[in-house]
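Proteins come first, then strands; the chains are lettered A, B, ... in the order of their sequence lines, and each starts at number 1.
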There are 2 protein chains.
Amino acid sequence: MSGIVTPLVDPTHCETCTIRHRGLCSAASPEALAELNRIANPHHYAAAQTIISEDVPVDFVANVVSGIVKLTKTMPDGRQQIVGLLFPSDFVGRAFAKSWAFSAEAASDVELCCLNRKAFEAIVGRYPDLKQQLLLSTLDELDAAREWMLLLGCKSAEEKVASFLMLLVRRSINAGCGQEAQSADPIFELPVNRADIAGYLGMTVETVSRQISHLKADGTIKLVDIRHYSVPDLNRLAGLAGQEPPVWA
Amino acid sequence: MSGIVTPLVDPTHCETCTIRHRGLCSAASPEALAELNRIANPHHYAAAQTIISEDVPVDFVANVVSGIVKLTKTMPDGRQQIVGLLFPSDFVGRAFAKSWAFSAEAASDVELCCLNRKAFEAIVGRYPDLKQQLLLSTLDELDAAREWMLLLGCKSAEEKVASFLMLLVRRSINAGCGQEAQSADPIFELPVNRADIAGYLGMTVETVSRQISHLKADGTIKLVDIRHYSVPDLNRLAGLAGQEPPVWA
DNA sequence: CGACATGTTGAACCTCATCAACCGACGTGG
DNA sequence: CCACGTCGGTTGATGAGGTTCAACATGTCG
């Protein structure tokens, strides 16, 4: 569990960062980037470590450089819902507020690029492009959250799991755009354990396991290795997810 | 689909508008307000009218002046989830995008203050305070959407209904801050029908009806008139909602 | 007054949660 | 090197909570 801290991100070189041209940073002009550079602070978190606790003041925000971060909300009696999964280039934390009603936890080993919140807010205030990008990505997150409400409120267990896998396919295509792609069957990585999938989909690990077994049995997905699956027929998976066939061709 | 346009809001007088000091407009300087004034366009929608359709381009955004607007998302097979209920002063539509994956429908008779989207975006670009307020309210909406994911993913039928009623109590206290309030038992209005409650909570009308009957039977809520209920013990309701007692005293 | 929408109540069914056993992978220590 | 415990995942049996279907009550509007 103890994280091996490796300097994957050189804090003095935003220019060479793996997420330089993605997420918020993509909207940063060279000057803006230089300012962000000055307050950037790489941090490593081992899987299962807490990054931000519910309702506790935090003085930083961050970008995910590598790994998966889960956003959770816990009820007084301990029941917990995962309200978001953050992938590399996603933004962690709550700008313009001292604390936050959600906690953030490393779902795998995670590299964050942390920024002092006040300093970040000041920079955002000086660079309209940055603020605009922050607004746009917040709007996108809001749309995604509402899409997820449809899943939690309407969909059956099978549809939920299929939808989650579709999400992974989409993220892996986006992340690797420029790669080989398109040609062969799409392949996705399952980056989190059953408990986290269940927590995200609002169901139990047993049901998740059963549904994945079922999708494997009927050939909708095929095991490539321990963490990777291929999808011979994406339309089929999309159909099971209760979606129209994807048009991203 | 053609709304009956009644000039309840005088477009030439933002200053006297009932929501002048709430929502987005509260952040508008006199000059910004004058600019918004110039493009403001009141519209009336009868209950059940569609305001915005899923994935269809729209050229306006709006503020709710009166009434309730529901945001919905529909699956190919017709199942539908209400992903948001908008009250007076809330913002309708999607800035910085031509179309939107959600539809907006009048849940009661509704007055909107409509603004041409492009013109609105231009004004927002010129007034940083306005853009800041738009960002802050989007962040708040995102937090609210995630809170709702907890409800949809974790809570029992009774907890869902109790949570919804708590939401109404909170909104009615906020709306009427400055009124008598505090002294007597809080009273809230049920502004939508069972079907909309069910659609918002991800359950059926029958279950909603049963749970409300149950809350009436055990005295947690008391019928005042056809649309209003009083809450003798707010902590009790909060407890049933699976929340800690509210601290807004 | 009758028709239609909205809300309530009852009974049967079904999906998914719950509880429990089991399996394989992994790491530790004897 | 193997026994052992632990952890994540799978599979099976059972039952409860909520959906579904159906009937009925109430309210509203012509």
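In this structure, the CD atom of Glu158(B) is 15 Å from the C1' atom of dA16(D), given to the nearest Å. Between the CG atom of Asp196(B) and the P atom of dA5(C) there is a distance of 16 Å, given to the nearest Å. Distance Met203(B) CE to dC16(C) C1': 17 Å, rounded to the nearest Å.
For dT19(D), the OP1/OP2 oxygens have a side-chain nitrogen or oxygen of Thr207(B) closer than 4.0 Å. Between Ser213(B) and dT9(C), a side-chain N or O to OP1/OP2 separation shorter than 4.0 Å is present.
When each of Tyr229(A), Phe188(A), Phe164(A) is tested with Val169(A) by the rule side chain to side chain contact (heavy atoms under 4.5 Å, CB included), just one qualifies, namely Phe188(A). Each of Asn63(A), Val61(A), Val64(A) was evaluated against Leu112(A); a single residue qualifies, Val64(A), per the side chain to side chain contact (heavy atoms under 4.5 Å, CB included) test.
Looking at residues two or more places apart in sequence or on another chain, you find no side chain to side chain donor-acceptor pair (under 3.5 Å) involving Ser89(B). Contacts of Asp225(B) classified as salt bridge (charged side-chain N to carboxylate O under 4.0 Å, His left out), with partners at least two apart in sequence or in another chain: none.
For dC19(C), its base sits under 3.5 Å from the side chain of Glu206(A) at one donor and acceptor pair at least. Side chain Arg210(B) to base dG10(C): a donor-acceptor pair is found below 3.5 Å.
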If you look only at distance, which donor and acceptor atoms sit under 3.5 Å apart when one is on a side chain in residues 146-154 of chain A and the other is two or more places apart or in another chain?
| unit_1 | atom_1 | unit_2 | atom_2 | d |
| --- | --- | --- | --- | --- |
| Arg146(A) | NH2 | Glu141(B) | OE2 | 2.9 |
| Glu147(A) | OE2 | Lys73(B) | NZ | 3.2 |
| Trp148(A) | NE1 | Tyr200(A) | O | 3.0 |

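For the pair Arg236(B) and Asp218(B), the salt-bridge criterion is met [side-chain N within less than 4.0 Å of a carboxylate O]. Contact check on Asp90(B) versus Arg22(B) returns no salt bridge, with no Lys/Arg side-chain nitrogen under 4.0 Å from an Asp/Glu carboxylate oxygen.
Residue pairs meeting the ring pair (Phe, Tyr, Trp, His ring centres under 6.0 Å) criterion with at least one partner in residues 62-94 of chain B, sequence neighbours excluded, are Phe91(B)-Phe120(B).
With dT6(C), dT11(D), dT8(C) as the candidates, the nucleotide lying closest to the side chain of Asn193(B) is dT6(C).
We find the OG1-CD1 distance between Thr74(B) and Ile82(B) to be 10.0 Å, quoted to the nearest 0.5 Å.
One end of the helix from dC1(C)-dG30(D) to dG30(C)-dC1(D) points its axis 20° away from the other end's axis, with each axis taken from 5 pairs and the angle rounded to 10°.
Within the 4.0 angstrom heavy-atom criterion, base atoms lie near Thr204(A).
For the contact set between residues 67-86 of chain A and DNA chain C, defined by any heavy atom under 4.0 Å, there are no members.
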